[in-house]
Amino acid sequence: MFSVNSATVSFLLQPLFLHAFSSFLHLLLVVVILVLWIWKKVRVGASATGYESNKTNYNKKALFCSVFASAFNLILCLFNYFYWYRSGWSEEELVTLLDLALKALAWGVVGVCLQKGFFFFFSSGDSRFPLLFRTWCVFYLLVFCYCFVVDIVLVYEKHEALPAQYLVSDVVSACVGLFFCYFVCFVRSECEFSTLEETLLNGDAHVSDNKKGAETVTPYSNAGIFSILTFSWVGPLIAVGNKKTLDLEDVPQLDSSDSVVRAFPKFREKVEADCGAVNNLTTIKLVKLLIISEWKEILFTAVLALLNTLASYVGPYLIDAFVQYLDGQRLYENQGYVLVSTFFLAKLVECLTQRHWFFRLQQIGLRMRALLVTMIYNKSLTLSCQSKQGHTSGEVINFMSVDADRIGVFSWYIHDLWMVALQISLALLILYKSLGLASIAAFVATIVVMLANVPLGSLQEKYQDKLMDSKDIRMKATSEILRNMRILKLQGWEMKFLAKITELRKTEQGWLKKFVYTSAMTTFVFWGAPTFVSVATFGTCMLMGIPLESGKILSALATFRILQEPIYNLPDTISMIAQTKVSVDRISSFLRLDDLQSDVVERLPRGSSDKAIEVVDGNFSWDLSSPNATLKNINLTVLHGMRVAVCGTVGSGKSTLLSCILGEVPKKSGILKVCGTKAYVAQSPWIQSGKIEDNILFGQEMDRERYEKVLESCSLKKDLEVLSFGDQTVIGERGINLSGGQKQRIQIARALYQDADIYLFDDPFSAVDAHTGSHLFKECLLGQLSSKTVVYVTHQVEFLPAADLILVMKDGKITQCGKYNDLLNSGTDFMELVGAHKKALSTLESLDGGTTSDEIRTMEDGSVSSANGSIKEKEANGYEQNGKTDEKDEPKGQLVQEEEREKGRVGFSIYWRYITTAYGGALVPFILLSQILFQVLQIGSNYWMAWATPVSQDVEPPVEGTTLLAVYVALAIGSAFCILSRAMFLATAGYKTATILFNKMHFCIFRSPMSFFDSTPSGRILNRASTDQSAVDTDIPYQIGSFAFSMIQLVGIIAVMSQVAWQVFIVFIPMIAASIWYQQYYIPSARELSRLVGVCKAPIIQHFAETISGTSTIRSFDQQSRFQETNMKLTDGYSRPKFNIAGAMEWLCFRLDMLSSITFAFSLIFLISIPQGVIDPGIAGLAVTYGLNLNMIQAWVIWNLCNLENKIISVERILQYTSIPSEPPLVIEENRPAPSWPSYGEVDIHNLQVRYAPHLPFVLRGLTCTFRGGLKTGIVGRTGSGKSTLIQTLFRIVEPTTGEVMIDGINISSIGLHDLRSRLSIIPQDPTMFEGTVRNNLDPLEEYTDEQIWEALDKCQLGDEVRQKEGKLDSPGYENGENWSMGQRQLVCLGRVLLKKSKVLVLDEATASVDTATDNLIQQTLRLHFADSTVITIAHRITSVLDSDMVLLLHQGLIEEYDSPSKLLEDRSSSFAQLVAEYTMRSKSTFEKSADH
């Protein structure tokens, strides 16, 4: 009985039984599925949709697992077939082959069922796997666990020899069974992934908002442990990206722990607790606070890094034992399997820890970057004016876009320094085990190599520093030029300024060149390092007589190879530390700049005082270090509800007084109290890009009634009717698609809507025409604000009588104050201003023999309204008609379109254009050849060492020791030189390419038409000139190089491994196919995410640039916190795709690492399965040495490829801007006008029609008229009637759509733009000054002598002002001419015109920002010096066109009237006569009366 039992037991333990039973089990599954499928076909027929719907419920993981099981069993079956083929087959082997084939078939069938959505037996509503299949899976797991236990018993208890294939097959089957059991039991929890995926693809029906991504928080925040370990939480997003082009709404929101909105308040508390205020933040403190804010993550990544390092040294440590094992020295039974298992386990640990370590580091980097960007932004809102002058907006934007980014990227390198020490220590321990005391030589050599890096590192830091500084200067110039591109085009100066940018870039290139060549030297030192270390070590072994055996040599080589990485990365780390230190220093020094003095203004709560504004003995100065105060001895009391007017000549300190009340000007002494909330309207309008409605609401809730009232008061209704999208029209950057008057009125509307207590107006009426100006004054100041405190600066004397108090300013002092009539009697300064105004009015009266004044008197009695009404009626009708024609005929579209981004794969043409830019790509073959030679020599030298050294001491070495070393050294030197040539060629090609692309892009930008700048926010252009250009300068050449080199290395490794055992290809080919499939699956999502990062960065920069230019407005409305929130949201918007890119990258790398680890394990199993003596143990060891690196290199190839795809987008974006359609040629050689042209200056316009873009309506609708040579023509008309457009057409800023303009008989469209613009002169609406000296501002082209410049300055009344300055003509002007008043800047523009002395002169509201006295002075100067020129004036002050020879009145882009002023005034019903009446009436202090009523 017992013997029967023991026989049964022994039969149940036989592999033959186990494999037969397994075959039966798999065959049963296949038969059941087949029968059910046939039954389904017969019974259900066509209506088989029941199971189709559940297709999505079976996750890709199950599909992948079944396909993997099928492929694995197939490969094992083929392998065994070839392996047993030679020796004939036993019964057991045949059953094993059958078992493997049936396993492959069964799992293949399961895979097909999963793919097709056919799952054989379930009710259509059930989302789980069928019960039969679940039972089968559990049974399958039990069977293979049993098999595995039997294998262990046979090997360890009974010491029977068991083929390795059995053990491997059983282990894999048990793992597959375990996975499927987990899967079929918990499949419901997995379903949520596919529902998220569907939500992302189709848009969830429950989400009312269509911004799907905005509603979904990243699955990472509540992912399970398995999902986090394998990065499966990114799977749905990658799947979506694979099916469609990803858009921003597809990208889920950040987890709250990664969002700066939540993190920043805590960080700010830490800063305040540690430093008190941001101003005390030193570099050390900033670094400390950043580390403290992320200490948990940093500690966790440190643990991962430690585990990773330990795991990576397991391989080199065991190689010697592995070679000895292959040589037949076996220490115990199954030692081979133990070695293979250890190798494999170490690889798994290494892979898992590395992936999570890298991902967490990127997360830390994103958080740090977001915190820094927020700090820089918040700081820029509190900077004092003096601090601001030291840092231009371009520089501050660089802190944000370059320096904060670099600190974020540094997180990658955070652990590198201590890890280098750890890796070197471990390496020396392993070397000591193999080579004894010779390891000391290795240590010394390593130290020598590292020391060689110190001078190179410090040079790199120095060059990097200089490179950043020169980039700052260039970006500053670029942003200033982009801001003022219109004026450059009008003056024909753009090519001169392009040359200036090119000069600045040349300086930058000088540093760039030094930087890239130093980097090339560093590369040479470090690629040569491992070879140098190994030569030193093996040389010492020879001298000390330590025997060299192939196992020990291979162990040493594998160690050097791992040691190579910290040594390679050390220069990178050092240079990164250097760069990061520079960036942290720059940011912390910016954060330490002085803020606005918080004690300038004592703010009292609303209603706590009867005085709205009180200043006692106030002395204020923009520059506290200068002895002279800007405002001296100011004493002022303004009660609630008072209207205070401020007047005075240009540069007398009017705007500074308002800035004082806002608290913008540093206080030297005195007291300043303000009671209540403030609203401020600046002199030059500050408009945000965005909807008009948002600009007016400015963060307040919509109150429709108040909103409509404000629009009415600011006469914006009609303007909005004309705009295609009404108040939803998107305004271009700096309000580019609005006229000057519209911008001002939107500013005034914004102030009115805020409903503040105190209103400060800085001469806003000068930018609008007379009619609108009086309407605004009446409706806003005297109407809506009648009960408010209003302080207004004005140059229009007619607005003064309405004031309760008038302040007259001169040289920074209040020289007079009082009511209008009191001041009139007191004489002096006030009389000068009023006298000038009266003189202008008398001109008006003389024109019409005094009848006008009678007319006006009768109007004053009350008939104003009727005259007014008729104008308004006409306008309303005009607008209405106009509106209708627009509706029917004109195509519509917003001016500022979404930023274009390419979609789909980056075309090969982009790579090709990049590679062939420098020298037509001639250097590329040399670079590749150098790398291939290097690889061949490297492998050759290692091969030589493995072949020429004995396996153990008792074997005779094939060559002498000296020969061994001499050949090795020769090969090493050869490979070092290959690296040197490769590094130099690469640096040269990259540098040359960057230069060419920069010049091409900038040339195209400067030659593009003005419409390009109107519709392209400067943030987009600056982004390309800074971030993308930086990538092309320093990243992309190395990225392309890196990809090519890693490919060559991978091919080298595969060659070495397959040369030892070609059978490895059986695994290699499917693995590589799987890798390529994964990479192709991942790339579409990664690419689009990368593009989204580019698109999300521009809004941050643009919002930042807008904030910098509007800080005083933002602060005056106390809106800082709202702007800070917007910035944080935009920053999170940028982090969103960045975070998902990091996750997706690790998702891919994790899967590739797993594949290469399996490949490596398979190769090892193969090597231990081969009978002893078939293969040279030394060479087999070499294959393992290379195999250890396989996963790293394979991941590196894919990582480089993906990174390259992401980076090359910078090239794509730059190339986009090299193909902007350009303006017509600057000079047409065969059609150049005579040097004296235009000699008469006659301008002939025929049927002129103009629109700004094909999708926008016509602005001029068929003008025909002639401006006679030598005559003065005034152009008047309501805001938006096409006055400025006519001027722009004259200069061909806008090309005529139809019709023509002739000057002295030459069609302006037939000559070159430079010839046209350089012969005409203009004083533009917005006076522009550039940073630079007074001389550069007047004469950028350097065409005139100093004498001529002084003469022009004297003529325009600035001579004395400039003589007082220290540097005279070389005294500096700040960005935007901030240190000159608006009026002085206008006079500088006049000076430019006086130098140029053209025959045709255009004044575009040229005297809007100056007082009447200065205006008269300018008019006199022009009359004197341009007596025989054609002068075309657009004016809002009627007086400045009254002495014109002709007046052209435009209405809705059509000519309404065109005649001499006297003729038009004779006709009482003419629109011009009514405009003049309106102007004269308001000038005769009508406001005083209405104010009194």
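Atom set for the values below is all heavy atoms of this structure, side chains included, hydrogens, waters and symmetry mates excluded.
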Is any side-chain heavy atom of [Y] closer than 4.5 Å to one of [X]?
X     : Y     : result
L1155 : Y1078 : yes
F1043 : Q1039 : no
R1087 : P1084 : yes
I424  : L428  : yes
F358  : W412  : yes

Is the backbone of [Y] close enough, under 3.5 Å, to the side chain of [X] for a donor and an acceptor to pair up by distance?
X     : Y    : value
S941  : Q938 : yes
S411  : L361 : yes
R1151 : T230 : yes
Y313  : Q423 : yes
W944  : L964 : yes

For [X] versus [Y], what's the shortest heavy-atom pair and its separation?
X     : Y     : answer
T523  : I979  : O-CG2, 4.1 Å
P1037 : A1031 : CD-O, 4.4 Å
F985  : S930  : CD1-OG, 4.3 Å
F1150 : C351  : CD1-SG, 4.1 Å
N1200 : S1046 : ND2-OG, 3.3 Å
S519  : Y1038 : CB-OH, 4.3 Å

Should we count [atom1] of [X] as having more than 12 external heavy atoms under 6.0 Å?
X     : atom1 : value
F344  : CZ    : yes
M1047 : CE    : no
F443  : CZ    : no

Inter-residue atom distance [X].[atom1] - [Y].[atom2], 0.5 Å rounding:
X    : Y     : atom1 : atom2 : answer
L348 : I1158 : CG    : CD1   : 8.5 Å
I996 : Y914  : CD1   : OH    : 10.5 Å
T446 : L431  : OG1   : CG    : 8.5 Å
S981 : L986  : OG    : CG    : 11.0 Å
Q509 : D1033 : CD    : CG    : 8.0 Å
S312 : L307  : OG    : CG    : 11.0 Å

> Where do F359 and W1147 land on the ring-ring contact (aromatic ring centres under 6.0 Å, His included) test, with the steps shown first?
Replying inline: CA-CA 10 Å; F359 175 68; W1147 175 92; over 10 Å; no
>> Show, in sequence, the C-alpha distance, side-chain angles and deciding distance for R406 and F410, and conclude whether the side chain to side chain contact (heavy atoms under 4.5 Å, CB included) test is met.
In response: CA-CA 6 Å; R406 180 166 296 129; F410 178 71; 5.8 Å; no
> Checking R982 against F1045: charged group under 6.0 Å from the ring centre and within 45 degrees of the axis?
Replying inline: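 Output yes; distance and angle both within limits.
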Give the table of side-chain donor-acceptor pairs shorter than 3.5 Å for residues 921-929, with sequence neighbours excluded, one pair per line with atom names and distance.
none

> Hey, mind stepping through S1090 and I1141 against side chain to side chain contact (heavy atoms under 4.5 Å, CB included) and telling me if it holds?
Replying inline: CA-CA 7 Å; S1090 216; I1141 283 178; 4.3 Å; yes
>> I577 vs Y413, test: side chain to side chain contact (heavy atoms under 4.5 Å, CB included). Steps then yes/no.
In response: CA-CA 8 Å; I577 289 173; Y413 300 84; 5.9 Å; no
>> K514 vs L459, test: side chain to side chain contact (heavy atoms under 4.5 Å, CB included). Steps then yes/no.
In response: CA-CA 9 Å; K514 288 177 177 164; L459 271 179; over 6 Å; no
> In terms of side-chain heavy atoms, does Y968 have a donor or acceptor partner in S534 at a distance below 3.5 Å?
Replying inline: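 A pair is found: one side chain offers a donor N or O, the other an acceptor, under 3.5 Å apart.
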